[in-house]
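Right, one structure below, let's go through it.
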Amino acid sequence: KISEDSRCPFDVQCVWAGRFTTSVTIRSGEKMMTMDLSSEGPVMFDDYKLYILHVSPEPISTLKIEESDYIVTIHVISTAAEDMLKSADY
């Protein structure tokens, strides 16, 4: 479910990029939870960090996006894997 899409349409010049929020249901083992996931930052669930990687289509000022047309790419990473990546010497 899309809770908010106030992203700046690409055919408009905005002073604020806007925000996208969707309600997702996630499960880890026996735990299950429905929460809002926003473009403003990650949320934690169990030992995982989830954040929105991409939302399409991009808004256009003259068109309404139907909820069924949204494609939301969500990145999920375990906190242990994230810590390993942060400490890796590149």
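Values reported hereafter were calculated over all heavy atoms of this structure, with side chains retained and with hydrogens, waters and symmetry mates removed. Computed from a predicted structure; not experimentally measured.
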Test side chain to side chain contact (heavy atoms under 4.5 Å, CB included) applied to Ser61 and Asp11, step by step: CA-CA 7 Å; Ser61 63; Asp11 59 337; 2.8 Å; yes
Are the side chain of [X] and the backbone of [Y] linked by a donor-acceptor contact shorter than 3.5 Å?
X: Ser28; Y: Lys31; result: no
X: Ser6; Y: Arg19; result: yes
X: Asp36; Y: Ser38; result: no

So Ile71 and Val55, side chain to side chain contact (heavy atoms under 4.5 Å, CB included) or not? Walk me through it. CA-CA 6 Å; Ile71 299 172; Val55 179; over 6 Å; no
Going by heavy atoms in the side chains, are Met32 and Thr25 under 4.5 Å from each other?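 The answer is yes, as the side chains (C-beta and beyond) meet within the 4.5 Å cut-off.
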Tell me whether [Y] is reachable from [X] by hopping between hydrophobic residues (I, L, V, M, F, W, Y) whose side-chain heavy atoms are closer than 4.5 Å.
X: Met33; Y: Ile74; answer: yes
X: Phe10; Y: Phe20; answer: no
X: Tyr48; Y: Val43; answer: yes

List the steps, then state whether side chain to side chain contact (heavy atoms under 4.5 Å, CB included) holds for Thr79 with Met44. CA-CA 9 Å; Thr79 52; Met44 296 296 298; 3.1 Å; yes
Quick one: pull up [atom1] in [X] and [atom2] in [Y] and give me the separation to the nearest 0.5 Å.
X: Glu40; Y: Ile52; atom1: CD; atom2: CD1; result: 10.0 Å
X: Ile65; Y: Asp5; atom1: CD1; atom2: CG; result: 5.5 Å
X: Thr21; Y: Arg7; atom1: OG1; atom2: CZ; result: 11.0 Å

Please assess Ile77 against His75 for the test side chain to side chain contact (heavy atoms under 4.5 Å, CB included), listing each intermediate value before the final yes or no. CA-CA 7 Å; Ile77 189 167; His75 182 78; 3.8 Å; yes
Of Val24, Leu37, Ile26, Val76, which is the lone residue that meets side chain to side chain contact (heavy atoms under 4.5 Å, CB included) with Phe45?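 In the set Val24, Leu37, Ile26, Val76, the residue that makes a side chain to side chain contact (heavy atoms under 4.5 Å, CB included) with Phe45 is Ile26.
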Do Glu82 and Lys49 meet the salt-bridge criterion of a basic N to acidic O distance under 4.0 Å?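 Result for this pair is yes, salt bridge flagged.
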Grab the two heavy atoms, one from Ser39 and one from Gly18, that are nearest each other, plus how far apart they are.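 Closest pair (atom of Ser39, atom of Gly18, distance): OG-O, 4.4 Å.
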side-chain contact (heavy atoms from CB on, under 4.5 Å) against Glu67, all qualifying residues, sequence neighbours excluded: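 Once residues adjacent in sequence are excluded, the partners of Glu67 under the side-chain contact (heavy atoms from CB on, under 4.5 Å) criterion are Lys1, Ile2.
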